[in-house]
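Inspection log for the structure reproduced underneath, given as structure tokens.
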Number of protein chains: 2
Amino acid sequence: MRLEPQYKKLLNNALEGSGQRATKQREHIFALLLEKRDHPTADEVYARARADMPTISLATVYNCLETLVETKLIRQVNFEREPTRYCPNLTQHAHFYCRESGEIVDIELSDQLVDELMKVLPKGFSAQHIDIAYDGKCNCCS
Amino acid sequence: MRLEPQYKKLLNNALEGSGQRATKQREHIFALLLEKRDHPTADEVYARARADMPTISLATVYNCLETLVETKLIRQVNFEREPTRYCPNLTQHAHFYCRESGEIVDIELSDQLVDELMKVLPKGFSAQHIDIAYDGKCNCCS
DNA sequence: ACAAAAATTAGAATTATTCCAATTATGGCT
DNA sequence: AGCCATAATTGGAATAATTCTAATTTTTGT
Ligand SMILES: [Mn+2]
Ligand SMILES: [Mn+2]
Ligand SMILES: [Zn+2]
Ligand SMILES: [Zn+2]
């Protein structure tokens, strides 16, 4: 697993921009998130990370994920009280949680739809972010 | 604090419908949620409940809230990993979380908008529920 | 290479929630 | 009303995701 130069640059810029250092661990975790573009929990990230970097600690996994979220290179995704998941897809999208398989699927959202959602806010309200979570049955399970 | 007859009937029907019993505690908690229609955490519900029923336990508060959610008399609301909140507003609505004040405000949603959100799902996906959470600054704080 | 600052690490601490086993309350039936 | 079976409540222990802490290691600029 190797971080492509374009993403390496992205990572370095983002870190530098927020006064943080580039480390093996941060690079490794960013790379593994980009490799399999799903929505792993911290524990799953930890398991994947150890495959190539057996000495990394769970605390570091949490730290790295936090850094990546802060620098907006990945997103955090929560469903109810389940463990937080991490998403490397930075395009505007919602999440669909399949109750059958547990799978989480990205749902693309048009600017127009997001605009409409913003417009229903009462006067004086301004949102930086809208979180949209569907839950039901995905195509594979119906 | 007294549960109005209409709501008492609603509660009893819902409980009966799912083979559960009517208890003082369940009624009390339903009543206090209806009285102040905000979005308290279990701890806050516990605090309010003890004002009139000092012997109620936190476990019971959790149990009652779970029962009310199961019977669809209230909704659960989650923001990130914060403690779960409970909402007695059963109309179709989203939640706006103010980062400044911590306040949670209901945002009404038209059927039409929800319809549009359903329509963006890929073929084969069916959602039972959409959870929409805004976060930003509310009118009071801007 | 050196020093200062930041990151990593292992393990302890925290905290919301769930579980457990004992006690008490409810509702149907006589 | 009294009895019984069943369900609910209770206090405290257990759980689990995440955060904190203090020691060690790594990075970066000089
Ligand atoms: Mn995603
Ligand atoms: Mn609400
Ligand atoms: Zn599925
Ligand atoms: Zn506000």
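So you know, we letter chains A, B, ... as the sequences are listed, proteins then strands, and number each from 1. Values below: all heavy atoms of this structure, side chains included; hydrogens, waters and symmetry mates excluded.
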**Prompt:** Would you say the ring centroid of A/Tyr97 lies under 6.0 angstrom from that of A/Tyr134?
**Reply:**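 When the ring centroids of A/Tyr97 and A/Tyr134 are compared, they turn out to be at least 6.0 Å apart.
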Using side-chain heavy atoms (C-beta onward) and a distance below 4.5 Å, is [X] in contact with [Y]?
X	Y	result
A/Thr71	A/Leu11	no
A/Ile56	A/Ile29	yes
A/Pro40	A/Leu33	yes
B/Asp131	A/Asp135	no
B/Ile130	B/Met118	yes
A/Gln6	A/Leu10	no

Starting at [atom1] of [X] and ending at [atom2] of [N], how long is that distance when rounded to a whole Å?
X	N	atom1	atom2	result
B/Met53	D/dT10	CE	C1'	13 Å
B/Ile29	D/dA8	CD1	P	14 Å
B/Glu80	C/dT15	CD	P	18 Å
B/Glu66	C/dT17	CD	P	12 Å
B/Glu70	C/dT18	CD	P	11 Å
B/Phe30	D/dA8	CZ	P	17 Å
B/Leu58	D/dG12	CG	P	12 Å
B/Tyr62	D/dG11	OH	P	15 Å

inquiry  = Distance to the ring centre below 6.0 angstrom and angle to the axis at most 45 degrees; does that hold for A/Arg26 and A/Phe30?
reply    =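 No; the conditions do not both hold, so A/Arg26 does not lie above the ring face of A/Phe30.
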Given DNA chain C, 5'-ward residue of the pair B/Asn63 and A/Cys64, judged by closest heavy atom: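 By nearest-heavy-atom nucleotide position, the 5'-most residue is A/Cys64.
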field: A/Asp38 vs A/Arg48, salt bridge (Lys or Arg N to Asp or Glu O under 4.0 Å): CA-CA, chis, key distance, verdict
entry: CA-CA 12 Å; A/Asp38 55 353; A/Arg48 291 182 201 173; 2.8 Å; yes
- Return the residues of residues 34-44 of chain B meeting this criterion: a heavy atom under 4.0 Å from some atom of DNA chain D. Order them by number, or give none.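 Hits under 4.0 Å, by residue number: none.
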If you compare every side-chain N and O of [X] against the phosphate oxygens of [N] (OP1, OP2), does one of them come in below 4.0 Å?
X	N	result
A/Thr60	C/dT8	no
A/Arg26	C/dA7	yes
A/Thr55	C/dT8	no
A/Gln25	C/dT9	yes
A/Arg81	D/dA17	no

* Asked: Which of residues 3-24 of chain A have a heavy atom under 4.0 Å from DNA chain C?
  ->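 Within residues 3-24 of chain A, the residues near DNA chain C are A/Gln20, A/Arg21, A/Thr23.
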So, using ring-ring contact (aromatic ring centres under 6.0 Å, His included) as the criterion, who are the partners of B/His93 when residues are at least two apart?
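Partners of B/His93 under the ring-ring contact (aromatic ring centres under 6.0 Å, His included) test: B/His95.
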inquiry  = Counting only side-chain heavy atoms from C-beta out, which of C/dA10, D/dT18, C/dT17 sits nearest to A/Ser57?
reply    =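 The listed nucleotide nearest to A/Ser57's side chain is C/dA10.
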